[in-house]
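Dumping the structure here so I can ask a few things about it.
Values below: all heavy atoms of this structure, side chains included; hydrogens, waters and symmetry mates excluded. Quick caveat, the model's predicted, so the values are computed rather than measured.
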Amino acid sequence: MLNKLAGIQGKLNNIGDEVYQTWSYEQRHEEIAKLVQGFRNGLPVQILCQLSASIAGGTAEAAEHLAILISRRERKTIVNRESGSDKYLRDLLEATLLPARN
């Protein structure tokens, strides 16, 4: 029974992914821009990164959108301010906000 519930939960967690795959680049960009605005109004950065990756189709794709929407200086500040000593969060933020090529 627990395995069945876990499977259902996993499908619910990924339900938006299938919808996002049908969106154009512009639709994805607009939605991620809304998330950036939400972050600036108090949305937790972890949610910004995770939802952006889901909408964009992956972390690298999300990083491309976020690099357009947020200056590198601001992204560096966000990583340093938000991650503190949490290595998992720092890794997530760096992968999404400060990939090597951006």
Side-chain angles (χ1 to χ4, degrees):
M1 179 68 171
L2 288 176
N3 286 339
K4 192 175 211 178
L5 288 174
I8 292 170
Q9 183 64 36
K11 287 179 184 176
L12 289 176
N13 287 341
N14 296 325
I15 200 163
D17 293 350
E18 292 177 18
V19 172
Y20 301 141
Q21 290 175 3
T22 67
W23 288 6
S24 69
Y25 176 89
E26 291 78 18
Q27 287 174 299
R28 292 172 191 224
H29 190 75
E30 288 174 11
E31 198 63 26
I32 293 171
K34 290 176 190 175
L35 288 172
V36 169
Q37 187 61 43
F39 166 73
R40 291 186 171 136
N41 289 321
L43 181 73
V45 70
Q46 185 172 4
I47 293 174
L48 167 68
C49 292
Q50 290 173 334
L51 285 177
S52 294
S54 183
I55 291 167
T59 302
E61 293 84 355
E64 291 176 20
H65 288 281
L66 292 170
I68 293 167
L69 297 164
I70 306 172
S71 73
R72 181 157 179 85
R73 176 177 279 180
E74 185 179 357
R75 288 181 283 133
K76 280 182 156 181
T77 300
I78 292 167
V79 169
N80 291 328
R81 181 184 67 224
E82 300 290 335
S83 63
S85 62
D86 185 335
K87 182 170 175 15
Y88 169 77
L89 182 56
R90 178 170 285 278
D91 290 347
L92 170 70
L93 297 182
E94 286 180 348
T96 311
L97 297 172
L98 295 174
R101 61 192 163 124
N102 287 333

Note to self: Ring-plane angle category for Tyr25 and His29, please: parallel below 30°, perpendicular beyond 60°, tilted otherwise.
What the structure shows: parallel
Notebook entry, point to check: Donor-acceptor pair, Ser54 side chain versus Gln50 backbone, under 3.5 Å?
Noted result: no
Note to self: For Arg73, I'd like to know if atom CZ has over 12 heavy atoms of other residues, nucleotides or ligands within 6.0 Å.
What the structure shows: no
Next item on the list: Please report the shortest heavy-atom distance between Arg28 and Thr22, naming the atom on each side.
Entry: NH2-N, 4.4 Å
Notebook entry, point to check: Taking C-beta and beyond as the side chain, do Arg75 and Val79 meet within less than 4.5 Å on heavy atoms?
Noted result: no
Item checked: Interatomic distance, Thr59 atom OG1 to Leu92 atom CG [nearest 0.5 angstrom] -> 7.0 Å
Item checked: Value rounded to 0.5 Å, distance of CD in Glu61 from OG in Ser52 -> 12.0 Å
Margin query: Let me confirm one number: the CD1-CD distance from Ile55 to Gln27, rounded to the nearest 0.5 Å.
Written below: 11.0 Å
Notebook entry, point to check: Is Lys34 salt-bridged to Glu31, going by a charged N under 4.0 Å from an acidic O?
Noted result: yes
Notebook entry, point to check: Is it the case that one hydrophobic cluster holds both Leu35 and Val19, taking links as side-chain heavy atoms less than 4.5 Å apart, direct or via other members?
Noted result: yes
Check: Hey, what do you get for CD (Glu82) to CG (Leu48), rounding to the nearest 0.5 Å?
Finding: 10.0 Å
Check: Are Val45 and Ile47 grouped together when hydrophobic residues (ILVMFWY) are joined by side-chain heavy atoms under 4.5 angstrom apart?
Finding: yes
Checklist line | Distance in Å, Leu66 CG paired with Phe39 CZ, rounded so as to fall on 0.5 Å steps | finding: 10.0 Å
Check: Taking side chain as C-beta onward, heavy atoms only, is Arg72 less than 4.5 Å from Leu98?
Finding: yes
Note to self: So that I can tick it off, tell me whether Arg90 and Asp86 are bridged by a salt bridge, with the cut-off set at under 4.0 angstrom between side-chain N and carboxylate O.
What the structure shows: no
Checklist line | Pairwise side-chain contact, Trp23 with Glu30, heavy-atom cut-off 4.5 Å (strictly under) | finding: no
Check: What heavy-atom pair brings Cys49 and Leu97 nearest, and what distance separates the two atoms?
Finding: SG-CG, 4.2 Å
Notebook entry, point to check: Can you name the nearest heavy-atom pair linking Pro99 to Ala63, along with the distance?
Noted result: CG-CB, 3.5 Å
Next item on the list: Supply the atom-to-atom distance Glu94 CD to Leu89 CG, rounded to the nearest 0.5 angstrom.
Entry: 10.0 Å
